[in-house]
Amino acid sequence: MKILVTGGCGFIGSNLIRHLLASTIHSIVNVDKLTYAGNPNSLAQFADDPRYTFCRLDIADPVAMHDVFSRHAPDAVIHLAAESHVDRSIDGPAAFIETNVVGTFELLTAATDYFAQLTGDKADEFRLLHVSTDEVFGALGATGQFTESTAYDPHSPYSATKAASDHLVRAWHTTYGLPTIVTNCSNNYGPYQFPEKLIPLMVIKAISGQPMPVYGKGENVRDWLYVIDHARAINRVLTAGVVGQTYNIGGDSERRNLDLVLSVCAILDELHPRAGGPYSDLIEFVADRPGHDFRYAIDSTKIRTELGWEPKFDFETSLRQTVQWYLTHRSWWQAILDGNYQLERLGNATTTNKS
Ligand code: NAD
Ligand code: TDX
């Protein structure tokens with residue numbers, strides 16, 4: 001099966017491609033613009049693999065997208081390319097509109113034109129799987145979970161653009177008959193995550209002896225999903241999911257941010273002891289994120305009962321392995337920090353930079 005993956009040089013995309021290529025039935029065409037978050041080093045092991053093709057392009061470029069479909073004739077598309085960081089969407093939403101909304105529109109247009117000329121099994125089996133987020137559902141209070149029928153209520157520029165893209169994908173199914181499926185998942189963690197995100201940021205800040213910035217009081221709750229469990233779920237939905245449907249994917253591992261950061265500190269105390277006291281001494285409470293969603297939690301009953309998927313990675317073990325990965329892959333993240341980003345606070349803006 002030849003799969004066109006968009007955003008394959010990002011965190012989830014690179015882990016997904018590694019997961020898919022571990023099964024010999026797949027070949028991958030990876031379409032990625034290589035924004036600040038795209039990192040070919042994450043897939044260096046496949047540079048000479050005949051099953052892997054990399055195309056550096058922007059999904060918002062209609063000519064390039066039509067060309068990639070006609071040249072590679074994929075059996076399926078998994079769409080991950082996006083601007084993905086909530087804090088950056090507060091500082092500069094324009095790129096989120098351009099990629100998440102316009103880019104998804106151009107991808108859908110190219111995919112629909114391509115699909116229209118498919119026949120037989122190739123047409124029957126074609127799928128476009130759109131990878132989205134639980135943030136489209138807004139924020140929960142202390143109780144409850146998001147289901148597939150929870151009303152959309154996005155709060156950040158990021159989640160608003162992801163919500164728009166979900167609606168476009170569903171509209172292209174009902175209006176043009178494109179065989180699409182949408183997944184909405186919770187916070188992923190694991191290796192190869194850009195260090196602006198909570199877990200790698202905390203590990204790197206800690207071992208660099210810098211303050212570890214917890215927003216507000218650290219009481220916000222996220223539902224953590226190991227990235228390989230997410231890759232397994234995507235593969236399952238692609239092969240067994242019902243066209244036109246949505247599937248929620250969650251890790252059943254809710255943690256308050258402060259408790260998660262304390263767990264990271266405890267793991268580091270053991271694996272990489274700090275002279276001068278425990279890592280938790282570095283925790284600093286900082287100004288909250290504007291519009292900070294209080295709690296996310298996913299009800300994944302549908303994918304469990306209908307498709308037989310469930311998370312298989314235990315949170316405590318996988319968090320420990322993830323911390324260990326960042327300790328042993330310093331050159332991977334150091335190369336990022338040698339560029340334009342040095343772990344600075346993002347998303348604290350009171351005004352919007354439109355560019
Ligand atoms: P990421 O920021 O690590 O990677 C995004 C990738 O998309 C990068 O390789 C980047 O170069 C590429 N890209 C960006 N704009 C592009 C464009 N215009 N054309 C082509 N490529 C472009 O993101 P991630 O964390 O791997 O997330 C992947 C997808 O999963 C996103 O759609 C995101 O909304 C969704 N998601 C992520 C999480 C999470 O916890 N990370 C949770 C739920 C959903
Ligand atoms: O320095 C920090 N301190 C802090 O307290 C950072 C970067 C974050 N936080 C808090 C904010 C959130 O409550 O930690 C939590 C997680 O923050 P992020 O890693 O920025 O993730 P989040 O905003 O929850 O969004 C992530 O999960 C859903 C991904 O970035 C999205 O792409 C995905 O859709």
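Quick caveat, the model's predicted, so the values are computed rather than measured. Numbering of ligands and ligand atoms starts at 1, following listing order.
Listed by atom number, the atoms of ligand 2 under 4.0 Å from Y158 heavy atoms are 31 (C), 32 (O), 33 (C), 34 (O). Every atom of ligand 2 is numbered from 1 in the order shown, and the set under 4.0 Å from a heavy atom of E196 is 7 (C). Per-residue contacts place V86 under 4.0 angstrom from the following atoms of ligand 2 (heavy atoms of the residue considered): 23 (O). When each atom of ligand 2 is checked for a heavy atom of H85 under 4.0 Å away, the hits are 20 (O). Each of the following atoms of ligand 2 lies closer than 4.0 Å to a heavy atom of V214: 5 (O). Of all the atoms in ligand 2, the ones that sit under 4.0 Å from a non-hydrogen atom of H292 are 11 (C), 12 (C), 13 (O). Interface atoms of ligand 1 facing K162, defined by a heavy-atom separation under 4.0 Å, are 31 (C), 32 (O), 33 (C), 34 (O). Atoms of ligand 1 lying under 4.0 Å from any heavy atom of S84, numbered from 1 in the order shown and given with element: 1 (P), 2 (O), 23 (O). The N257 neighbourhood of ligand 2 comprises atoms 10 (C), 12 (C), 13 (O), 14 (O), 15 (C), with distances under 4.0 Å to a heavy atom of that residue. Near V131, the atoms of ligand 1 lying under 4.0 angstrom from a non-hydrogen atom of the residue are 30 (O), 32 (O). For ligand 1 and D58, the ligand atoms under 4.0 Å from any heavy atom of the residue are 17 (C), 18 (N), 19 (N).
For a threshold of 3.5 Å applied to N or O pairs, the pair formed by V31 and ligand 1 contains no separation below that value. The N/O atoms of T35, backbone and side chain alike, include one that comes under 3.5 Å of an N/O atom in ligand 1. Not a single N or O atom of A60, backbone or side chain, sits closer than 3.5 Å to an N or O atom of ligand 1. Between I59 and ligand 1, an N or O atom pair is found at a separation short of 3.5 Å. Ligand 1 has no N or O atom lying under 3.5 Å from any N or O atom of T133, backbone or side chain. The shortest N or O to N or O distance between A81 and ligand 1 is not below 3.5 Å. Not a single N or O atom of H79, backbone or side chain, sits closer than 3.5 Å to an N or O atom of ligand 1. Between T99 and ligand 1, an N or O atom pair is found at a separation short of 3.5 Å. Not one N or O of E83 is nearer than 3.5 Å to an N or O of ligand 1, by distance alone. The N/O atoms of N39, backbone and side chain alike, include none that comes under 3.5 Å of an N/O atom in ligand 1.
Contact annotation for Y158 and ligand 1: only side-chain heavy atoms (C-beta onward) come within less than 4.0 Å of the ligand. For L57, every heavy-atom contact with ligand 1 shorter than 4.0 Å involves the backbone, none the side chain. Counting heavy atoms under 4.0 Å from ligand 2, residue R345 does not touch it at all. Neither the backbone nor the side chain of E98 has any atom closer than 4.0 Å to an atom of ligand 1 (non-hydrogen atoms only). Contacts between E135 and ligand 2 below 4.0 angstrom, taking non-hydrogen atoms only, involve the side chain exclusively. Residue contacts with ligand 1, taken as heavy atom pairs separated by less than 4.0 Å, involve L34 solely via the backbone atoms N, CA, C and O.
Taking a 4.0 Å cut-off on heavy atoms, S186 registers as neighbouring ligand 1. The closest approach between S132 and ligand 1 falls below 4.0 Å for a heavy atom of the residue. Within the structure, ligand 1 lacks T6 among the residues with a heavy atom less than 4.0 angstrom away.
Classification of E196 and R345 as a salt-bridged pair fails, no side-chain N sitting under 4.0 Å from a carboxylate O. With respect to R56 and D32, no salt bridge is recorded, no charged nitrogen being found less than 4.0 Å from a carboxylate O. A salt bridge links R71 with D67: the distance from a Lys NZ or Arg NE/NH1/NH2 to an Asp or Glu carboxylate oxygen falls below 4.0 Å.
Here the protein heavy atom with the shortest distance to atom 31 (C) of ligand 2 is S84 O, 3.5 Å. Here the protein heavy atom with the shortest distance to atom 26 (O) of ligand 1 is I12 N, 2.8 Å.
Among the candidates D166, T150, V131, T133, the single residue satisfying the side chain to side chain contact (heavy atoms under 4.5 Å, CB included) test with N184 is D166. No option in Y326, F11, W332 other than W332 meets the ring-ring contact (aromatic ring centres under 6.0 Å, His included) test with Y192.
Cluster annotation: I267 is connected to L201 through the hydrophobic network of ILVMFWY side chains, with a link wherever side-chain heavy atoms come within less than 4.5 Å.
Aromatic ring pairs are classed by plane angle as parallel below 30°, tilted from 30° to 60° and perpendicular above 60°; the pair W172 and F105 is perpendicular.
Geometrically, R222 does not engage Y189 in a cation-pi contact, judged by NZ or CZ lying under 6.0 Å from the ring centre and within 45° of the ring axis.
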